[in-house]
Amino acid sequence: MRDGIQYLTVAILFLGSVGAFAANTIDPLSGLPIAPGFTKLADPMESYTFCGKSARSISYIGGESADPDHENSWYAHAMPGAFVFTAIGGVKTFITPDGTAAVETAGSVISFLRFSPGLSPAEMKILGAAPAAKACTGD
């Protein structure tokens, strides 16, 4: 009986730690997955207006082994159906089909964005062309 209780306790602790790990792999702002090896920067969340829509962003940094090609491949797999844009300089932007959330990969930094209401396809293209820009201007 005592062995059964010990096994049950270990199983509960294990499942609790798995749940905690899973909870830490999703960015709370965007609801998008965080690539392995990235941790939130101490910078506060930034709020601004993009294309007349409420926008918020938060950034994470990867370790010394951060590899942009790896992160881009990881997000391509983790976000099936996302719209993907590559800006000059290689920054990739992955945007959810409804335009409400995005992740930008730029070397060892990834940024998560939330838009309300969601971006239109034309606005997604503007964001993808100049991901760091806070202005909404077409070419």
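Computed from a predicted structure; not experimentally measured.
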In Å, rounded to the nearest 0.5 Å, how long is the span from [atom1] of [X] to [atom2] of [Y]?
X      : Y      : atom1 : atom2 : value
Thr93  : Met124 : OG1   : CE    : 11.5 Å
Leu127 : Ile95  : CG    : CD1   : 4.5 Å
Glu123 : Cys136 : CD    : SG    : 5.5 Å
Thr96  : Met79  : OG1   : CE    : 6.0 Å
Leu41  : Tyr60  : CG    : OH    : 9.5 Å
Ile110 : Phe94  : CD1   : CZ    : 10.5 Å

### Query
Between the side chain of Arg114 and the main-chain N/O of Leu29, is any donor-acceptor distance below 3.5 Å?
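It does hold such a pair.
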Taking every non-hydrogen atom, the tightest pair across [X] and [Y]:
X     : Y      : value
Ala87 : Gly128 : CB-O, 3.4 Å
Ala35 : Glu71  : CB-CG, 4.3 Å
Pro33 : Ala78  : CG-CB, 3.9 Å
Arg56 : Ser47  : CG-OG, 3.6 Å

### Query
What is the ring orientation for Phe85 with Phe83, classed by angle as parallel under 30°, tilted 30 to 60°, or perpendicular over 60°?
parallel
With heavy-atom distances below 4.5 Å as the criterion, would you say the side chains of [X] and [Y] are in contact?
X      : Y     : result
Thr105 : Trp74 : no
Leu32  : Tyr75 : no
Phe112 : Ser59 : no

### Message
Please list all pairs meeting salt bridge (Lys or Arg N to Asp or Glu O under 4.0 Å) that have one or both residues in residues 81-105, counting only residues at least two apart or in different chains.
### Response
none
### Task
Would you please say whether a donor-acceptor pair under 3.5 Å links the side chains of Ser111 and Ser57?
no
### Working for side chain to side chain contact (heavy atoms under 4.5 Å, CB included), residues Phe50 and Leu113
CA-CA 11 Å; Phe50 183 82; Leu113 301 99; over 6 Å; no
### Query
Hey, any chance Val91 and Ile61 share a hydrophobic cluster, counting ILVMFWY side chains that come within less than 4.5 Å of each other, even indirectly?
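As far as the 4.5 Å side-chain criterion goes, Ile61 and Val91 are not connected within one cluster.
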